[in-house]
*Asks:* 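Below: one structure in structure tokens.
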Amino acid sequence: MPATLTFYGAAGEVTGSCYLIDTGEVRFLIDCGMFQGGREADRKNRETFDFDPRDIGFVLLSHAHIDHSGLVPRLAAQGFRGPIYATRATVDLCEVMLPDSAYIQEREAQQADLDRRRARGKLRYEHAPLYTVVQAQASLKLMRGIDYDTEFEPHPGLRCRFLDAGHILGSAIVEVVLPGRSGERIVFSGDLGQPGHPIVRDATRIREADTLLIESTYGNRCHKSMEDTVNELAHALRHTLTGKRGNVIIPAFAVGRTQDLLFLLARLWQQQRVPPLDVIVDSPMATAATAVTMRHASLFDQETKTVLAWLRDDDPGFRVRFVQEVEESMALNARRGGAVIISASGMCDAGRIKHHLKYNLGRPECSIVIAGFQAAGSLGRRLVDRVPSVRIFGEQIAVRAEIFTIGGLSAHADQRALLDWLGELRRPPRQTVLVHGEPLAAETLRQAVISTLGWKPLVAARGQSIALGR
Ligand SMILES: [Zn+2]
């Protein structure tokens, strides 16, 4: 029996990353991610796994983002008992993110229960959380931290390695070499970062693969350059703080984007391109993620290390205030100007950012800087689309603040970067499979790979299996 690989998620879409490899001797997963975005995703998350969690020997986790790690607690709750291997930074981030994910689900379940009771049985939908905080914590006990570039054997003769993916702290390309004569080398790109992305080192260039899985999130897009992006950010800060004397509000994902922004702000300060900044991070999750990030400073790229050394040695006065208590957060509502407030959620639909928008959107001297992806239907997207007013906490608020949309901070490689990364392989893989992309993005990348490299990649479909080994 040849070994097989089956795509259970992030096939024809960008969330739910989960691939099962069956060598005949052992079955294991690469990622066990949550599907995200609407009711259909919720349905898929609630389906029973297409395999028996008790039969899975171990899990290899590419990084901590919930669409790659979010169903790990459910897997463990349904009988999986093996080790979960990930880089040390990924394990640390999961300790913050998985219990938080569980907490959000528990709260939503309580709310749904309340709604159901109010509707007197007229609403029929499942409302149990996918997993509880207790279950999330239990699954964390299975995690084993592994250093980058270090070979380990989760099963006799089966060799694995994590290599830099340049996407977020701890993110990895996963390399697996199957035992036996074929020695099939399987490489999963994980989520690949755009070269030059703040904080993390650029993705490792892979030279060899027999079976290659590559993400295609932005297979049909080219990002704005980092230089243009930073210029726009500097302009928004100067214009608002010095010119209009208002506040700058930046909605940002707690993990990754918040730390990227802190680094960019420090560097702009170092380059004396902005006035002295009063930076406030108002999100307990972002505070925890920043603490984890600082514990892994050895993983930073050279540019980040240089800025940190300057902050430490020269002490130029750059301070970031991390707000924990609700009272302290509420006190910020009275700030009239001079503050740079970074808060979550990244798409403005939940969390403390909604309060900051409520108090600053109506004031023309303030600015909102949108630095991340805003899904259709989100409050953030309506701001990007320049609607005249929005509803926050039941109150209609006119949008008088300026909205700056700065692109180029995406944590995913664009088409050019994906093709460059593929172009580093010494010879074409026997099979290349495009995963983790909407159909249009994946198909556009497939055409680009055919025309530039002459390879014939496949776009993965959910539930599809491919043979591994000759
Ligand atoms: Zn990711």
Side-chain angles (χ1 to χ4, degrees), residues 7-19 29-37 41 45 59-72 84-87 89-98 100-101 148 162-174 187-204 213-219 221 223 252-261 285-286 289 292-293 296 299 344-347 371-375 408-414 417-418 421 434-438 441-442 445 460:
F7 304 95
Y8 284 118
E13 60 187 314
V14 292
T15 64
S17 182
C18 183
Y19 313 118
L29 296 182
I30 297 179
D31 287 347
C32 189
M34 194 183 279
F35 293 92
Q36 291 174 311
N45 288 329
V59 177
L60 304 172
L61 211 55
S62 69
H63 64 291
H65 274 154
I66 288 299
D67 61 322
H68 293 255
S69 71
L71 288 190
V72 158
I84 300 164
Y85 298 97
T87 64
T90 293
V91 172
D92 288 354
L93 283 176
C94 281
E95 281 175 11
V96 176
M97 296 174 76
L98 292 179
D100 183 73
S101 164
Y148 280 106
F162 292 125
L163 304 163
D164 271 307
H167 170 64
I168 59 163
L169 184 82
S171 65
I173 296 166
V174 181
V187 174
F188 168 47
S189 72
D191 285 3
L192 280 180
Q194 181 78 348
H197 192 79
I199 299 178
V200 289
R201 297 185 294 236
D202 287 356
T204 305
L213 273 51
I214 181 171
E215 69 125 318
S216 54
T217 314
Y218 288 127
R221 286 257 297 269
H223 297 324
F253 300 106
V255 179
R257 188 55 41 86
T258 294
Q259 294 77 37
D260 294 347
L261 284 162
M285 176 83 164
V292 170
T293 305
H296 292 277
L299 301 178
S345 72
M347 296 196 211
F373 177 75
Q374 306 296 322
L409 270 189
S410 169
H412 286 273
D414 64 9
L418 291 169
W421 188 80
L434 307 182
V435 296
H436 203 286
E438 300 283 340
L445 181 63

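Every number for a ligand or one of its atoms is a count from 1 in the order of the listing.
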*Asks:* What are the two closest heavy atoms between Leu61 and Cys94, and how far apart are they?
*Replies:*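 Residues Leu61 and Cys94, closest heavy atoms: CD2-SG, 4.0 Å.
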
*Asks:* Thinking salt bridges, do Asp414 and Arg221 make one under a 4.0 Å N-O criterion?
*Replies:*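 Here Asp414 does not pair with Arg221 in a salt bridge, since their nearest N and O are not under 4.0 Å apart.
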
*Asks:* Taking all atoms of both residues into account, what is the closest heavy-atom pair of Ile66 and Ser101, and its distance?
*Replies:*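 It is CD1-CB, 3.9 Å.
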
*Asks:* For a side chain to side chain contact (heavy atoms under 4.5 Å, CB included) check, start with the C-alpha distance between His412 and Leu192, then their side-chain angles and the critical distance, and finish with the verdict.
*Replies:* CA-CA 6 Å; His412 286 273; Leu192 280 180; over 6 Å; no

*Asks:* Write down the atom of Glu438, the atom of Val14, and the distance for their closest heavy-atom approach.
*Replies:*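 Here Glu438 and Val14 meet closest at N-CG1, 4.0 Å.
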
*Asks:* For His436 and His68, test the side chains for any donor-to-acceptor distance below 3.5 angstrom and give the result as yes or no.
*Replies:*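 A donor-acceptor contact under 3.5 Å links the two side chains.
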
*Asks:* What protein N/O/S atoms sit under 2.8 Å from the Zn ion (ligand 1), by chain and number?
*Replies:*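 Less than 2.8 Å away from the Zn ion (ligand 1) sit His63 NE2, His65 ND1, His167 NE2, Asp191 OD2.
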
